[in-house]
Amino acid sequence: MVDGIIFDMDGVMVDSERQSNAGWNWAASQLHVEMPEWLIDSFKGAPMELSKKYFDDYYRGRIDYMEARQLRTKYVLDLRKTEGLPVKPGLMELLCFIKDNGLKCAVATSTRKESAEATLHNIGAWDYLNAVVYGNQVEHGKPEPDIFLKAAEEIGVEPENIIVIEDSINGIKAGFAAGMRVVHVPDTIIIGDDIRKLTYRICDSLSEVIDVLEGEM
C-alpha cells in the first residue's frame, strides 16, 4: 500500500547534477587540483557540512572548500543562463498521476530554501506538492533519515506507506533508514550491490515509477 510520495529534487526532478559535476570540475581546474568523480558523487544529497568534511578529508588543507564551492556555484549559474535547468523526463506525468489518484506528495531536499522554492516554482511542480522540507529544517541531513521522517510528518503519512524517489547514495541510505521504500531513478551515479539492496525498485525514468505505484494501490 502506498499513500505518499517523497521526491528528492536535484537529479530526480531536475537535471541539475550534470551541471554541478561540470562546475566542480571547473572549480578544481581553477584551483589546479584533480577532483575524483567519487568525491563529487559523495556530495550529492549531502548537507554542506558533510560535503565539507568529505572535501577536507581528501584535500587535507591544500585548497579551501568554500572557495571551491563558490567557483562551482558561479560556473553553474552562468551555465544556466544559457541552457536553463532541464526538467527530468516524465516528471509532470508522474506528478499528475499522483494528484489524480489522491496521493500525498512532498519534496525533501538538501538545497537551501530560497533556491529550492525558486526551482520548484519555475518547473511548475509547486502546486502539486503538499509539503517541502529543506535540509536546514532538520538536525541531521542525508544519509540520516531525519529529512524524510520530517516530510512524512508534514504530509501525515506513515513511513511504511511512503515511496521515496532518489538518485543519490546518500538519499537511498536516508530513505531506507527512514523505513520507506526507495525507488532509485539513476542519474549520474552508478550504485553498487551494497546500495542496490537498500532499494525497493530501480526505474530508468520517472514515467516508469507510475507502474510501480499502480502495483501498490
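Remember, it's a predicted structure, so these values are computed and weren't measured experimentally. Both backbone and side-chain heavy atoms feed into the values below; hydrogens, waters and symmetry mates do not. Along the sequence shown, the residues carry numbers beginning at 1.
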R18 and D15: CA distance, side-chain angles, deciding distance, salt bridge (Lys or Arg N to Asp or Glu O under 4.0 Å) verdict
CA-CA 7 Å; R18 287 175 177 78; D15 194 12; 2.9 Å; yes
May I have the step-by-step check of side-chain contact (heavy atoms from CB on, under 4.5 Å) for L206 and V12, ending in yes or no?
CA-CA 8 Å; L206 292 176; V12 172; 4.2 Å; yes
Keeping the roles fixed (side chain from N101, backbone from L103), state whether a donor-acceptor pair exists under 3.5 Å.
no
Using every non-hydrogen atom in the two residues, find where A106 and L129 come nearest and quote the distance to one decimal.
C-CD2, 4.5 Å
Report yes if the side chains of K173 and I195 come closer than 4.5 Å at any heavy-atom pair, otherwise no.
yes
Under 3.5 Å, sequence neighbours excluded: what are the donor-acceptor pairs made by side chains of residues 76-93?
| unit_1 | atom_1 | unit_2 | atom_2 | d |
| --- | --- | --- | --- | --- |
| D78 | OD2 | K74 | NZ | 2.9 |
| R80 | NE | Q19 | OE1 | 2.8 |
| T82 | OG1 | L79 | O | 2.8 |
| E83 | OE2 | Q19 | NE2 | 2.8 |
| K88 | NZ | D187 | OD1 | 2.6 |
| E93 | OE1 | S207 | OG | 3.0 |

I123 reachable from L95 in the ILVMFWY side-chain graph, under 4.5 Å edges:
yes
Does one hydrophobic cluster hold both L94 and W126, with members joined at side-chain heavy-atom distances below 4.5 Å?
yes
Under the ring pair (Phe, Tyr, Trp, His ring centres under 6.0 Å) test against Y65, which residue among F55, Y58, Y59 passes?
F55
Quick one: side chains of residues 139-149, donor-acceptor pairs under 3.5 Å with protein atoms, not counting sequence neighbours, listed by atom name and distance.
| unit_1 | atom_1 | unit_2 | atom_2 | d |
| --- | --- | --- | --- | --- |
| H140 | ND1 | D146 | OD2 | 3.3 |
| K142 | NZ | D8 | OD1 | 3.1 |
| K142 | NZ | A108 | O | 3.2 |
| K142 | NZ | E166 | OE2 | 2.8 |
| D146 | OD2 | H140 | N | 3.3 |

Would you mind checking if D57 and R60 are paired as a salt bridge, meaning a charged N to carboxylate O distance below 4.0 Å?
no
Could you walk me through whether V132 and L120 pass the side-chain contact (heavy atoms from CB on, under 4.5 Å) check?
CA-CA 10 Å; V132 182; L120 292 169; 4.0 Å; yes
Side-chain contact, heavy-atom cut-off 4.5 Å: R72 with S20?
yes
Hey, is the main chain of V164 close enough, under 3.5 Å, to the side chain of R181 for a donor-acceptor pair?
no
Using a 4.5 Å cut-off on heavy atoms from C-beta on, say whether the side chain of V185 contacts that of D204.
no
Can K53 and E49 be counted as an ion pair, charged N to O under 4.0 angstrom?
no
If we only count heavy atoms from C-beta on, is the I165 to V182 side-chain gap below 4.5 Å?
no
Testing R112, E117, E114 one by one against Y134 for a side chain to side chain donor-acceptor pair (under 3.5 Å), which residue passes?
E117
Strictly distance-based, threshold 3.5 Å: is any side-chain N or O of S168 a donor or acceptor partner for the main-chain N or O of G171?
yes
Please tell me whether I172 and V209 are part of a single hydrophobic cluster in this structure, the criterion being side-chain heavy atoms less than 4.5 Å apart.
no
Does the side chain of I202 reach to within under 4.5 Å of the side chain of I191, using non-hydrogen atoms?
yes
Intermediate values then yes/no, side-chain contact (heavy atoms from CB on, under 4.5 Å), V107 and M13
CA-CA 10 Å; V107 167; M13 304 179 84; 3.6 Å; yes
Answer with yes or no whether the hydrophobic clustering places V14 together with Y128; edges join I, L, V, M, F, W, Y residues whose side-chain heavy atoms lie under 4.5 Å apart.
yes
Nearest 0.5 angstrom please: E216 CD to D3 CG, how far?
11.0 Å
Does any part of the side chain of L213, heavy atoms only, come nearer than 4.5 Å to the side chain of I163, both counted from C-beta?
yes
Mark yes or no for whether N122, through its side chain, and A118, through its backbone, hold a donor-acceptor pair below 3.5 Å.
yes
Rounded at 0.5 Å granularity, tell me how far NZ in K104 sits from CD1 in I155.
8.0 Å
ILVMFWY cluster, L198 and I5 together (side-chain gap under 4.5 Å)
no
Measure the shortest side-chain to side-chain distance between D167 and P186 over non-hydrogen atoms and say whether it is less than 4.5 angstrom.
no
Validation: residues 27-46 side-chain donor-acceptor distances under 3.5 Å, sequence neighbours left out:
| unit_1 | atom_1 | unit_2 | atom_2 | d |
| --- | --- | --- | --- | --- |
| S29 | OG | W26 | O | 2.6 |
| S42 | OG | L39 | O | 2.6 |
| K44 | NZ | N21 | OD1 | 2.4 |

Is it true that, when you exclude R69 itself, more than 12 heavy atoms of the residues, nucleotides or ligands shown sit nearer than 6.0 Å to its CZ?
yes
Taking T119 for its side chain and S115 for its backbone only, find out whether a donor-acceptor pair lies under 3.5 Å.
yes
If you compare all heavy atoms of C203 against all heavy atoms of E208, which two are closest, and at what distance to 0.1 Å?
CA-OE1, 3.6 Å
Which is it for Y200 and M180 under the side-chain contact (heavy atoms from CB on, under 4.5 Å) test, yes or no, and what are the steps along the way?
CA-CA 9 Å; Y200 178 65; M180 302 174 184; over 6 Å; no
Do V2 and N161 touch side chain to side chain, with heavy atoms closer than 4.5 Å?
no
From C105 atom SG to F97 atom CZ, the distance as rounded to the nearest 0.5 Å
12.0 Å
